A.B. asks: 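Structure below; questions to follow.
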Amino acid sequence: MLIIAVVNLKGGSTKTTTAGHLAQAFHEAGMRTLGVDADGENESLQGWQVAGDLPWPVITMPVSNLHKQLPDVVGDRYDVVVIDTPPMKAQRGTVASAMRIATHVLVPMAPTPIEYDRLPAVRELVDEVAAVRPDGKPPIHAVLLTRVKPRAASTQVYRQLITDDGVTVLTAQIGSLERFAQSWGDPMSGALDTPYGAAAMELLDLSRLQEIIG
Ligand SMILES: Nc1ncnc2c1ncn2[C@@H]1O[C@H](COP(=O)(O)OP(=O)(O)O)[C@@H](O)[C@H]1O
Ligand SMILES: [Mg+2]
């Protein structure tokens, strides 16, 4: 089972938009998908599920012992769990808890200096939780570039900087587009054919790769 924690230090970094479209893409790929809304301040993923009548369930779990509660709730009924987390700065315990059980920590971010400046804090927590994870290893840690402007040279610059820092940057990237900006609360279809679908498949590939190399 894939457990993808969508994480960033601050609000407004496209976490919920990313969690929603990724979950939809996995659902469209035929995988049994569950959304977990761990952001008790906003409950935006849950709200989207209701308003958009999304075809995959969302449960709310804004708790700092997700790693204990989630396995019992999920059982073996899902192939993919996508956790929308609260801003790490405000709710470090909840995010750390999600990271403890996650197979993947996905950080959506715009390729800008202010967003890049926030990455080390996330990385520190990823490394910190490794010791208390069942396997003693950090989860797969990847960045998804979002709100990317067409033809901006900065995209490649940040892609390289983050890669040089030792963090995987997904090949798929999400453009700064009305389609995504306006998507909250609406039904979704065709997510698999967007770059979010490509990102979902890359996350799958990363876990297969990790299984092989151990
Ligand atoms: N690809 C995109 N292009 C343009 N705007 C986007 C895109 N994805 C998200 N947004 C906008 O960015 C803002 C923050 O997104 P949201 O998913 O709510 O972030 P978070 O959950 O991290 O607070 C929202 O106004 C949303 O509409
Ligand atoms: Mg959110």
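Keep in mind the model is a prediction, meaning the values are calculated, not measured. Residue indices begin at 1 and follow the sequence shown. Atoms within a ligand are numbered from 1 in the order they appear, just like the ligands themselves. What's counted below: heavy atoms across the whole structure, side chains too, no hydrogens, waters or symmetry copies.
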A.B. asks: Just let me know how Ile174 lines up against ligand 1, side chain, backbone, both or neither, with a heavy-atom cut-off below 4.0 Å.
C.D. replies: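 Answer for Ile174: side chain.
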
A.B. asks: Determine, for Asp84 against Lys15, whether the closest basic-nitrogen to carboxylate-oxygen distance falls under 4.0 angstrom.
C.D. replies: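 Salt bridge flag = no for Lys15 with Asp84.
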
A.B. asks: Are Val80 and Tyr78 connected into the same hydrophobic cluster when the rule is that any two of I, L, V, M, F, W, Y join if their side-chain heavy atoms are below 4.5 Å apart?
C.D. replies: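 Hydrophobic grouping puts Tyr78 apart from Val80.
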
A.B. asks: Give the minimum heavy-atom separation between Thr17 and Phe180, together with the two atoms involved.
C.D. replies: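 Taking every non-hydrogen atom into account, CG2-O, 3.8 Å.
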
A.B. asks: Measure the distances from the heavy atoms of Leu177 to every atom of ligand 1 and state whether one is below 4.0 angstrom.
C.D. replies: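 Per 4.0 Å heavy-atom rule, Leu177 contacts ligand 1.
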
A.B. asks: Can we say Glu128 and Arg133 salt-bridge, meaning some charged N sits less than 4.0 Å from an Asp/Glu carboxylate O?
C.D. replies: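 A salt bridge is absent here (no side-chain N lies under 4.0 Å from a carboxylate O).
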
A.B. asks: Which protein heavy atom lies closest to atom 13 (C) of ligand 1, and at what distance to 0.1 Å?
C.D. replies: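 Looking only at protein heavy atoms, the one closest to atom 13 (C) of ligand 1 is Arg147 NH1, 3.6 Å.
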
A.B. asks: Any nitrogen or oxygen of Thr17, side chain or backbone, less than 3.5 Å from one on ligand 1?
C.D. replies: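 Between Thr17 and ligand 1, an N or O pair is found under 3.5 Å apart.
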
A.B. asks: Would you check whether Gln182 has a nitrogen or oxygen atom less than 3.5 angstrom from a nitrogen or oxygen atom of ligand 1?
C.D. replies: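 No, no N or O pair falls under 3.5 Å.
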
A.B. asks: Side-chain heavy atoms nearer than 4.5 Å, only ILVMFWY residues, links allowed to pass through others: does that put Met31 and Val81 together?
C.D. replies: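 Hydrophobic grouping puts Met31 apart from Val81.
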
A.B. asks: May I ask whether atom 24 (C) of ligand 1 is less than 4.0 Å from at least one protein heavy atom?
C.D. replies: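 Looking at atom 24 (C) of ligand 1, one finds that no protein heavy atom lies closer than 4.0 Å.
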
A.B. asks: For atom 5 (N) of ligand 1, which protein heavy atom lies nearest, and how many Å away is it?
C.D. replies: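 Scanning the protein heavy atoms, the shortest distance from atom 5 (N) of ligand 1 goes to Ala181 CB, 3.3 Å.
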
A.B. asks: For Glu115, is there an ion pair with Arg118 - N to carboxylate O distance below 4.0 angstrom?
C.D. replies: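 Answer for the salt bridge query: yes.
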
A.B. asks: Is Thr16 close enough to the Mg ion (ligand 2) that one of its N, O or S atoms comes in under 2.8 Å?
C.D. replies: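 Coordinating: yes.
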
A.B. asks: Which option, Pro87, Pro86, Gly12, owns the non-hydrogen atom nearest atom 20 (P) of ligand 1?
C.D. replies: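 The nearest heavy atom belongs to Gly12.
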
A.B. asks: Would Lys15 count as a polar contact of ligand 1, with the cut-off being nitrogen or oxygen pairs under 3.5 Å?
C.D. replies: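 N/O-N/O distance below 3.5 Å exists for this pair.
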
A.B. asks: Output the list of atoms in ligand 1 that are nearer than 4.0 Å to some heavy atom of Gly11, sorted by atom number.
C.D. replies: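 Near Gly11, the atoms of ligand 1 are 23 (O).
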
A.B. asks: Would Trp184 and His21 count as a ring-ring contact (aromatic ring centres under 6.0 Å, His included) here? Give the steps.
C.D. replies: CA-CA 10 Å; Trp184 186 89; His21 285 271; over 10 Å; no

A.B. asks: By number and element, which atoms of ligand 1 are closer than 4.0 Å to a non-hydrogen atom of Gly175?
C.D. replies: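 Every atom of ligand 1 under 4.0 Å from some heavy atom of Gly175: 1 (N), 2 (C), 3 (N).
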
A.B. asks: If you take all heavy atoms of Val126 and Pro139, which pair is closest and at what distance?
C.D. replies: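 What the structure gives for the nearest pair is CG1-CD, 3.9 Å.
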
A.B. asks: Which bit of Thr146 is near ligand 1, meaning a heavy atom under 4.0 Å away: side chain, backbone, both or neither?
C.D. replies: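 Under 4.0 Å from ligand 1, Thr146 contributes no heavy atoms.
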
A.B. asks: Heavy atoms of the protein only: does one fall short of 4.0 Å from atom 16 (P) of ligand 1?
C.D. replies: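 Within 4.0 Å of atom 16 (P) of ligand 1, protein heavy atoms are found.
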
A.B. asks: Hydrogens and angles aside, do Gln182 and Asp186 bring a side-chain donor and acceptor to less than 3.5 Å of each other?
C.D. replies: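 Absent: no donor and acceptor within the cut-off.
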
A.B. asks: Does ligand 1 come near enough to Thr14 that some N or O of the ligand is less than 3.5 Å from an N or O of the residue?
C.D. replies: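 So ligand 1 has an N or O lying under 3.5 Å from an N or O of Thr14.
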
A.B. asks: Under a 3.5 Å cutoff, is there a donor and acceptor pairing between the side chains of Tyr196 and Thr18?
C.D. replies: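 Note: Tyr196 and Thr18 side chains meet the donor-acceptor criterion.
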
